[in-house]
Amino acid sequence: GAPVWRLLGGAARVPAEGMELADSKGEAFTLEGLAAGDTAWRDYTLSFEVRQTSCGNDWRDGVWAAVRCTPAPNMYVVGFYPGKVWLNKIVIGVSASDNKPLAEAGLPAPGLSDGKWHQVSISAVANRIGVAFDGAPLFEAEDSNPEHFAPLRAGAIMLGARRSSLSASP
């Protein structure tokens, strides 16, 4: 069923087309957006449809989704950037491997920049995170304890529309 959502950062509204997110908080690879679920959730799949209508000019701006979120904050963040998708691990609010994602894949052109609706699926099972875009698998990554941080085994979900404070106004 549909979870109850809590706004942790940015702006959100619910027009007829679905949920609309703007200017979610978060710098570097952290995310503060619209959260749902329970920190005790273990193995699950987050599925949603997304349409990007605008984007800032920082290379990391765009649609972000996170799984295994805890208050520390700890989370796995999936960022949809122009031409690519990154998976980053955040531990106590800091990227566990800054600018070296746990996984990376090319995003089929034009990606999210076409303004159309796309389907995204993110699975979190044991220490593996898998991402699919429009039904096509992009990657499945295993968190084998990079940088000596144990894999995140449980946590809630979060959605956001990242816009860096360094991005120029449209």
Yes or no on side-chain contact (heavy atoms from CB on, under 4.5 Å) for Ile122 and Phe48, after CA distance, side-chain angles and deciding distance? CA-CA 9 Å; Ile122 303 169; Phe48 58 96; 4.3 Å; yes

Using the rule given for side-chain contact (heavy atoms from CB on, under 4.5 Å), can you reason through Leu31 versus Met75, listing the C-alpha separation, both sets of side-chain angles and the distance that settles it, and then say yes or no? CA-CA 9 Å; Leu31 174 62; Met75 64 187 76; 4.2 Å; yes

Decide yes or no on side-chain contact (heavy atoms from CB on, under 4.5 Å) for Leu107 and Leu138, but give the supporting numbers first. CA-CA 8 Å; Leu107 192 59; Leu138 295 178; 4.2 Å; yes

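Considering only heavy atoms from C-beta on, Val50 comes within 4.5 Å of Leu112 through its side chain. Side-chain atoms of Thr45 and Ser121, non-hydrogen and from C-beta on, do get closer than 4.5 Å to each other. In this structure, the side chains of Val77 and Leu87 stay at 4.5 Å or more apart for every pair of heavy atoms. Contact annotation: the side chain of Pro151 approaches that of Tyr76 to within less than 4.5 Å [non-hydrogen atoms, C-beta and beyond]. Contact of the Leu8 side chain with the Leu34 side chain is not registered, since no non-hydrogen atoms from C-beta on lie closer than 4.5 Å. Taking 4.5 Å as the limit, some side-chain heavy atom of Ile157 sits within range of a side-chain heavy atom of Trp41. Looking at heavy atoms from C-beta onward, Leu159 lies in side-chain contact with Leu46 at the 4.5 angstrom threshold.
Side-chain atoms of Lys89 come within 3.5 Å of backbone atoms of Phe149 as a donor-acceptor pair (strictly under, hydrogens ignored). The backbone N or O of Ala156 lies less than 3.5 Å from no partner atom in the side chain of Arg68, so there is not a single donor-acceptor pair. Not one N or O on the side chain of Asn127 forms a donor-acceptor pair closer than 3.5 Å with the backbone of Glu142.
Taking the six-membered ring for Trp and thresholds of 30 and 60 degrees, Phe133 and His118 have nearly parallel ring planes, at less than 30 degrees apart.
Between Thr70 and Ala154, the shortest heavy-atom contact is CG2-O, 3.7 Å.
A donor and an acceptor atom, one from each side chain of Trp86 and Glu104, are located under 3.5 Å apart.
The line from NZ of Lys116 to CG of Asp134 is 10.5 Å long, rounded to the nearest 0.5 Å. To the nearest 0.5 Å, atoms CG (Asn74) and OG1 (Thr39) are separated by 11.0 Å.
Ion pairing between Asp143 and Arg128 fails under the 4.0 Å rule for side-chain N and carboxylate O.
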